[in-house]
Amino acid sequence: MDTQVLIVGAGPTGLTLAVDLGLRGVRCTVVEQKEAPQFLPKMERCNARSMEIYRRMGIVDQVRAAGLPAQCPMDVFIVLSLVDPPLLHLPYPSVTQAKAQIAASNDGSLPLEPYQLISQYTLEPLLKSIAEKLPTVTVRYGCELLSFMQDATAVTATAKTVGGTPAEITASYLVGCDGGSSIVRKQLGIALSGEGNLLQLRQALYRCDDLFERIPIGKGRHYHVADDRATQLIVQDSTRHFTLHSIVETDADMATMFERTVAMPIDYEMLYVGEWKQNLLLADRYGDGRVFLAGDAVHLVIPTGGLGMNSGVGDAIDLSWKLAAVLQGWGGPSLLPSYEIERRLVGEHNVAASRYATVGRRKWRAAYRPEIRDATPAGAAARAELTRIADVEQRKSNEMIGAELGYRYIGSPLIAAEAGEGPEYDFREYTPTTWPGARLPHAWLADGTAMQDRIGYGHGYMLLRLGGAQADIGPLQNAFRTIGAPLQVLDIPDAAPRDIYGRDLLLLRPDLHVAWRGNAAPTEPGKLAALVTGH
Ligand SMILES: Cc1cc2nc3c(=O)[nH]c(=O)nc-3n(C[C@H](O)[C@H](O)[C@H](O)COP(=O)(O)OP(=O)(O)OC[C@H]3O[C@@H](n4cnc5c(N)ncnc54)[C@H](O)[C@@H]3O)c2cc1C
């Protein structure tokens with residue numbers, strides 16, 4: 001076998017998967033058709049959950065160092081231009097401020113890491129360089145997957161390097177992280193369902209060294225222009241680059257639109273113009289046999305709400321430990337199939353959350369009137385009405401903490417079900433819970449460390465014994481030992497985590513989702529160990 005896992009596509013999903021597999025000691029190869037990472041605009045906001053994941057992988061400081069400086073505001077504005085008084089100013093904490101809020105709170109309601117603005121063109125080369133340093137990871141740019149075949153034991157892929165002839169790569173598993181037009185998905189015959197091609201916009205990237213410092217109405221990250229062209233100006237991580245989205249006729253119009261939005265004399269260079277389409281699509285399945293799909297290959301959302309690449313990062317770390325477990329020999333037969341069950345539901349929720357945010361944005365944009373810039377009573381009324389609606393509706397795009405932190409793996413065969421429905425899912429609000437399937441809420445320990453940091457990376461399952469609980473978990477340890485699955489036990493006598501988590505015992509999976517909880521040792525330890533390891 002040339003490699004254990006062949007990853008197709010070095011976007012954020014494929015590279016995150018490669019780093020996570022590499023850290024778990026799995027041999028993997030990433031093939032990417034591009035010859036090098038490209039300086040093209042796409043996503044710019046890593047959400048809190050992705051940053052928690054990057055912290056766990058030990059790379060969060062590198063991501064922050066490469067991204068927007070921590071003290072920069074993350075505010076969102078609705079404007080006529082950058083020089084007119086804003087119609088609406090929605091303040092959001094900078095990373096520095098958000099970190100201070102997190103440090104001061106210990107009720108589980110906040111993430112361990114706040115968001116980070118980092119442009120995709122910065123994140124991808126960073127993840128690439130991290131992946132390349134891992135001894136078990138091979139990254140091959142300029143290598144395009146052409147086709148693949150699978151049988152009961154392996155996948156044989158045919159790939160072609162630039163100027164080379166097609167060659168075969170054999171792997172135990174293949175993961176298509178090859179984006180919206182995924183050849184892997186198409187070859188598996190898996191369809192995307194939902195609403196495609198909803199809106200077509202142009203996007204341009206500009207270099208403008210002075211603009212950020214000169215914005216008279218205040219620094220922020222998004223400036224939505226109240227016009228009938230869906231115009232939006234986005235600050236990129238260097239604060240010297242900006243993107244603008246707008247519905248215009250020609251590429252050249254993107255220069256006019258930028259100048260109209262900035263509305264003051266400024267030197268700039270337009271580096272790129274391209275078109276992109278809005279979609280709300282979800283794949284009918286997330287793979288077949290030894291071939292899996294992750295990221296944009298299975299879900300395409302509207303960037304509103306920033307759930308695109310963040311969903312892909314979530315897919316990657318759900319699939320990664322399961323592949324590692326099966327390759328290490330202790331993962332049971334329902335482990336890999338659980339990937340689709342767990343992550344497709346999250347995909348479905350995120351497509352719905354993106355639709356909800358988009359509908360909100362459409363509502364305030366529909367209040368646009370041609371007289372909105374006029375110094376007349378009609379102009380003032382148009383501004384007031386749009387602002388009134390936007391103050392409710394625009395928040396839906398920016399305040400999605402429930403979608404980021406609150407997803408639960410409902411109906412998963414790996415999760416010990418409890419009687420009842422569990423807390424209701426709400427993408428606007430996050431209420432900490434340890435209901436089985438949920439992400440472990442963040443808790444500070446008495447010594448100032450974070451619970452998530454106390455749980456070693458790559459060490460398998462973790463049983464937390466909280467608040468001085470004395471339960472005998474020897475039988476559970478024996479059951480894991482029989483399966484060959486790694487289980488560690490951590491005693492945390494502190495009061496705060498016991499209060500937040502609401503139980504004496506929590507069994508966590510390698511991705512820190514709760515698999516089981518209780519106040520006494522499990523009555524059927526063998527059954528529980530078999531369930532959570534996919535046997
Ligand atoms: C304007 C805009 C703004 C956005 N903002 C945000 C945001 O703020 N937050 C957010 O979370 N998301 C955002 N997104 C979405 C985000 O960019 C995508 O969700 C993300 O790129 C998906 O990552 P991926 O790795 O799954 O796929 P991609 O980034 O599409 O990567 C797929 C890779 O596979 C490669 N590939 C394809 N076919 C082959 C082949 N046959 N062989 C080898 N390689 C192949 C491609 O070259 C590509 O590099 C935004 C998107 C747009 C368009």
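Computed over heavy atoms, backbone and side chain alike; hydrogens, waters and symmetry mates excluded. Whatever order the structure lists them in is the order used to number ligands and atoms, beginning at 1.
Atom 37 (C) of ligand 1 has its nearest heavy-atom neighbour, among Asp178, Val298, Ile234, in Asp178. Comparing Pro303, Cys143, Gly305, Ser311 by heavy-atom distance to atom 52 (C) of ligand 1, the nearest is Pro303. The residue among Leu145, Leu201, Val184 with a heavy atom at the shortest distance from atom 42 (N) of ligand 1 is Leu145.
Salt bridge present: Glu404 and Arg45 bring a charged side-chain N and a carboxylate O closer than 4.0 Å. Between Asp151 and Arg290 there is no salt bridge, since no side-chain nitrogen of the basic residue lies less than 4.0 Å from a carboxylate oxygen of the acidic one. Using a 4.0 Å cut-off between charged side-chain N and carboxylate O, Glu113 and Arg56 make no salt bridge. Salt bridge absent: Arg344 and Glu340 never bring a charged side-chain N and a carboxylate O closer than 4.0 Å.
Using modelled atom types and a 3.5 Å distance limit, the side chains of Trp276 and Gln200 yield no donor-acceptor pair. Using modelled atom types and a 3.5 Å distance limit, the side chains of Thr16 and Tyr54 yield a donor-acceptor pair. A donor and an acceptor atom, one from each side chain of His245 and Gln232, are nowhere located under 3.5 Å apart.
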Q: Could you walk me through whether Lys42 and Glu124 pass the salt bridge (Lys or Arg N to Asp or Glu O under 4.0 Å) test, one step at a time?
A: CA-CA 11 Å; Lys42 254 183 147 183; Glu124 281 183 16; over 6 Å; no

Q) Would Glu195 and Arg355 satisfy side-chain contact (heavy atoms from CB on, under 4.5 Å), going step by step from the backbone distance to the final call? A) CA-CA 10 Å; Glu195 303 160 82; Arg355 179 182 299 113; 2.9 Å; yes

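The nearest protein atom to atom 3 (C) of ligand 1, hydrogens excluded, is given as Lys42 O, 3.2 Å; this is a heavy-atom distance. Summary of contacts: the protein heavy atom closest to atom 48 (C) of ligand 1 is Glu32 OE1, 3.4 Å. Protein heavy atom closest to atom 10 (C) of ligand 1, with residue, atom name and distance, is Met309 N, 3.3 Å. Of the protein's non-hydrogen atoms, Met43 CB, 2.8 Å is the one closest to atom 6 (C) of ligand 1. Of the protein's non-hydrogen atoms, Cys177 O, 3.4 Å is the one closest to atom 32 (C) of ligand 1. If you check which protein heavy atom lies closest to atom 17 (O) of ligand 1, you get Gln120 OE1, 2.8 Å. Nearest protein heavy-atom neighbour of atom 43 (C) of ligand 1: Gln33 N, 3.2 Å. The closest protein non-hydrogen atom to atom 1 (C) of ligand 1 is His245 CE1, 3.2 Å.
Remark: Met1 CE is packed, more than 12 non-hydrogen atoms of other residues, nucleotides or ligands lying under 6.0 Å away.
Between Phe427 and Tyr356, the distance from one ring center to the other falls under 6.0 angstrom. For Tyr407 and His349, the gap between ring centers reaches or exceeds 6.0 Å. You'll find the ring centres of Tyr286 and Phe292 outside the 6.0 Å limit.
Those atoms of ligand 1 with a heavy atom of Val8 less than 4.0 angstrom away are 40 (C), 42 (N), 43 (C). Every atom of ligand 1 with a heavy atom of Val31 under 4.0 Å away is listed here by number and element: 43 (C), 44 (N). Close approach of ligand 1 to Gly179 (heavy-atom distance below 4.0 Å) involves ligand atoms 27 (O), 30 (O), 32 (C). For ligand 1, the atoms sitting less than 4.0 Å from at least one non-hydrogen atom of Gly295 are 26 (O), numbered in the order shown with element in parentheses. Near Lys34, the atoms of ligand 1 lying under 4.0 angstrom from a non-hydrogen atom of the residue are 47 (O), 49 (O). Atoms of ligand 1 found under 4.0 Å from any heavy atom of Ile183, numbered from 1 in the order shown, are 41 (N). Ligand-side atoms of ligand 1 in range of Thr13: 23 (O), 24 (P), 25 (O), 26 (O), range being under 4.0 angstrom from any heavy atom.
Taking a 4.0 Å cut-off on heavy atoms, Gly312 fails to register as neighbouring ligand 1. Using a 4.0 angstrom heavy-atom cutoff, Cys46 does not count as in contact with ligand 1.
No part of Ala297 comes within 4.0 Å of ligand 1, judged by heavy-atom distances. Contacts with ligand 1 closer than 4.0 Å are made by no heavy atom of Thr243, backbone or side chain. With a 4.0 Å cut-off on non-hydrogen atoms, Pro41 does not touch ligand 1 at all. By the criterion of a heavy-atom distance under 4.0 Å, both the backbone and the side chain of Asn310 are placed next to ligand 1.
Remark: ligand 1 and Trp276 share no N or O pair separated by less than 3.5 Å (distance only, no angle test). At under 3.5 Å, not a single nitrogen or oxygen of Ala294, backbone or side chain, sits near a nitrogen or oxygen of ligand 1. Geometrically, ligand 1 and Gly306 share a nitrogen or oxygen pair separated by less than 3.5 Å.
A cation-pi arrangement is present between Lys128 and Tyr141 under the rule of less than 6.0 angstrom and at most 45 degrees off the ring axis.
Between Tyr268 and Tyr206, the ring planes are perpendicular. Angles over 60° get that label, and only those under 30° would be called parallel. Classification of the Tyr121-Phe39 ring pair by plane angle, with boundaries at 30° and 60°, yields tilted.
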